[in-house]
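First up is the structure itself, then whatever we jot down about it.
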Amino acid sequence: MRRRSLLIAVPAGLVTLAGCGDDKKSDSSKASDSASPSAPATSAAPPPKIVDGPLPAISAGAKFGEKPTVAKGAGDPSKNLAVKTVIAGAGKSVAENDYIQAHYLGQVWDTAKVFDNSYDRKTPLLIQLAQGSIIDGWRYALAGKKVGSRVMFSVPPTWGYGKEGNSQAGIKGTDTLVFVADIQDTFNASSSAKGTDTPQNDADLPKVGTNTDGKAPAIDIPKKDAPTKLVANYVIEGDGDEVAAKDTVLVQYKGVFWDNGKEFDSTYGRKALTSFGLQQVVKGWGQGLTGKKVGSRVLIVVPPKLGYGDNPPAGSGIKKDSVLVFTVDILAKM
């Protein structure tokens, strides 16, 4: 049974995907009020047959990263999953259960009504290609595609929102959907920070490993008294955008106790990345990651008043008033 992150400071149900709409809507001012490709409550259809078409034409916005204008579907759509790589990228291949970062547009085949797009929000979608996280049409259409690719695909109701459709977005249970997705990046359990190593010269603070091979970096705790204030220092400084307090981030991390160096939580051990809004985690994390750049590895030392204080999670192994030390790789944000 997979252990959930200890970092979440609110009930798990508030940070997990439920129904349609943007999976991190409560954390992002850029979130759509319409429908992202998040999975409906029931999503257990058999794998589709993948065919080449038919698919409508892109009449404008033909370059990667540009908002496309897509024609209305001509005739009847395929009952199968029609997929076409419009622009072939040369980056990493996307695999099932990866997190992807992608700009996208979605519209209804019969009417060409656009029900959602990320281009206008200027914020790409960040979501896991996993059953229950995203509609099955996305999982099957994008698996195996490469970063840098533009992919167009049509999704019948079976691998979309099912017979119930999505009333919020005006999608009927009989509608076939057309998507264009520009795959910007993909992340998995081997992903690491990318940037420039930063000197770690303070003898009173832990030293963190700078390996970027997807393995957990070492954390060397000094035999000194723990700091009483929050520490949030670069170990590796990335060159991406700065994280805002309202953002959702995708991370690798490891947490240890200051007093004995023992690990109590880690994405590396679970071999699974985690994503969350900075308003949904302990204050030390929210404050420590705000202003840091995507691609970075950050040392965070969390004093009790910004961690769990005298009320640690039951069964976590964390004692009251523990000082916690983390290494965090910020892989992406939304």
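Note that the structure is a prediction, hence the values are computed from the model and not measured. All residue numbers in this chain count up from 1 along the given sequence.
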Could you walk me through whether T267 and Q252 pass the side chain to side chain donor-acceptor pair (under 3.5 Å) test, one step at a time? CA-CA 6 Å; T267 56; Q252 287 265 39; 2.6 Å; yes

Test side chain to side chain contact (heavy atoms under 4.5 Å, CB included) applied to L105 and V70, step by step: CA-CA 9 Å; L105 178 141; V70 181; 4.3 Å; yes

What verdict does the salt bridge (Lys or Arg N to Asp or Glu O under 4.0 Å) test give for D116 and R121, after you've listed the backbone C-alpha separation in whole Å, the side-chain angles of each residue and the deciding distance to 0.1 Å? CA-CA 10 Å; D116 195 26; R121 294 192 295 274; 2.8 Å; yes

May I have the step-by-step check of side chain to side chain donor-acceptor pair (under 3.5 Å) for D321 and Y308, ending in yes or no? CA-CA 7 Å; D321 298 322; Y308 296 108; over 6 Å; no

Is there a side chain to side chain contact (heavy atoms under 4.5 Å, CB included) between S296 and I236? Walk through the geometry before answering. CA-CA 5 Å; S296 299; I236 298 173; 5.8 Å; no

Given L331 and V251, is the side chain to side chain contact (heavy atoms under 4.5 Å, CB included) satisfied, shown in steps? CA-CA 5 Å; L331 303 177; V251 299; 5.7 Å; no

I would like to know whether W285 and L306 meet side chain to side chain contact (heavy atoms under 4.5 Å, CB included); could you show each step before the answer? CA-CA 8 Å; W285 264 62; L306 296 178; over 6 Å; no

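Within the 4.5 Å cutoff, the side chain of V249 has no heavy atoms near those of the S275 side chain. Within the 4.5 Å cutoff, no side-chain heavy atoms of L81 are placed close to those of V51. V86 places none of its side-chain heavy atoms less than 4.5 Å from the side chain of V180. With contacts defined as side-chain heavy-atom distances shorter than 4.5 Å, the pair K254/D265 does not qualify. Taking the side chain as every heavy atom from C-beta outward, L142 and I183 approach each other to under 4.5 Å. Looking only at side-chain heavy atoms (C-beta outward), V178 and P56 come within less than 4.5 Å of each other. Between P68 and Y119, the closest side-chain pair of non-hydrogen atoms falls below 4.5 Å. Side-chain contact check for F257 versus I318: some heavy-atom pair is nearer than 4.5 Å.
In this structure a side-chain-to-backbone donor-acceptor pair under 3.5 Å is present from T290 to G286.
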Tell me which donor-acceptor pairs under 3.5 Å the side chains of residues 221-229 have, and how far apart each pair is, sequence neighbours excluded?
residue: K224; atom: NZ; partner: D204; partner atom: OD1; Å: 3.0

Could you pull out every donor-acceptor pair under 3.5 Å between side chains of residues 145-153 and any protein atom, sequence neighbours left out?
residue: K145; atom: NZ; partner: T85; partner atom: OG1; Å: 3.1
residue: S149; atom: OG; partner: G89; partner atom: N; Å: 2.8
residue: S149; atom: OG; partner: K146; partner atom: O; Å: 2.8
residue: R150; atom: NE; partner: D182; partner atom: OD1; Å: 2.6
residue: R150; atom: NH1; partner: G61; partner atom: O; Å: 2.7
residue: R150; atom: NH2; partner: K63; partner atom: O; Å: 3.0
residue: R150; atom: NH2; partner: E66; partner atom: O; Å: 2.6
residue: R150; atom: NH2; partner: D182; partner atom: OD2; Å: 2.9

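In N260, the CG atom is crowded: over 12 heavy atoms of neighbouring residues, nucleotides or ligands sit closer than 6.0 Å.
No continuous path of hydrophobic side-chain contacts links Y268 to F326 [ILVMFWY only; heavy atoms under 4.5 Å]. Hydrophobic clustering, with ILVMFWY side chains joined whenever heavy atoms are under 4.5 angstrom apart, keeps L230 apart from V325. At a threshold of 4.5 Å between side-chain heavy atoms, the hydrophobic network of Ile, Leu, Val, Met, Phe, Trp and Tyr places V302 and V208 in two separate groups. Side-chain heavy atoms closer than 4.5 Å link hydrophobic residues (I, L, V, M, F, W, Y) into clusters, and following such links, even through other members, never connects V231 to L324. Following chains of ILVMFWY side-chain contacts shorter than 4.5 Å, one cannot reach L289 starting from I219, and the two form parts of different hydrophobic clusters.
Between E96 and R139, at least one side-chain N (NZ, or NE/NH1/NH2) sits under 4.0 Å from a carboxylate O, which counts as a salt bridge. With respect to K172 and D110, no salt bridge is recorded, no charged nitrogen being found less than 4.0 Å from a carboxylate O. The existence of a salt bridge linking R297 and D329 is confirmed by a sub-4.0 Å separation between a basic side-chain nitrogen and an acidic carboxylate oxygen. With salt bridges taken as basic N to acidic carboxylate O contacts below 4.0 Å, none links K293 and D239. For D98 and K92, the salt-bridge test fails: no basic side-chain N is under 4.0 Å from an acidic carboxylate O.
Evaluated for a side-chain contact (heavy atoms from CB on, under 4.5 Å) with F276, the options V281, L250, T248 yield exactly one hit, V281. Among N97, V94, T186, the single residue meeting the side-chain contact (heavy atoms from CB on, under 4.5 Å) criterion with L129 is V94.
Put simply, CG on N201 and CG on N233 are 11.0 Å apart, with the number rounded to the nearest 0.5 Å. Between the OG1 atom of T327 and the CG atom of L299 there is a distance of 7.5 Å, given to the nearest 0.5 Å. Of the inter-residue distances, the one linking Q101 atom CD with I127 atom CD1 reads 12.5 Å to the nearest 0.5 angstrom.
Taking the six-membered ring for Trp, Y161 and F115 have ring centres at least 6.0 Å apart. The six-membered or imidazole ring of F179 lies near that of W138, with a centre-to-centre distance under 6.0 Å.
Listed by chain and number, the residues in a ring-ring contact (aromatic ring centres under 6.0 Å, His included) with Y234 amount to none (sequence neighbours excluded).
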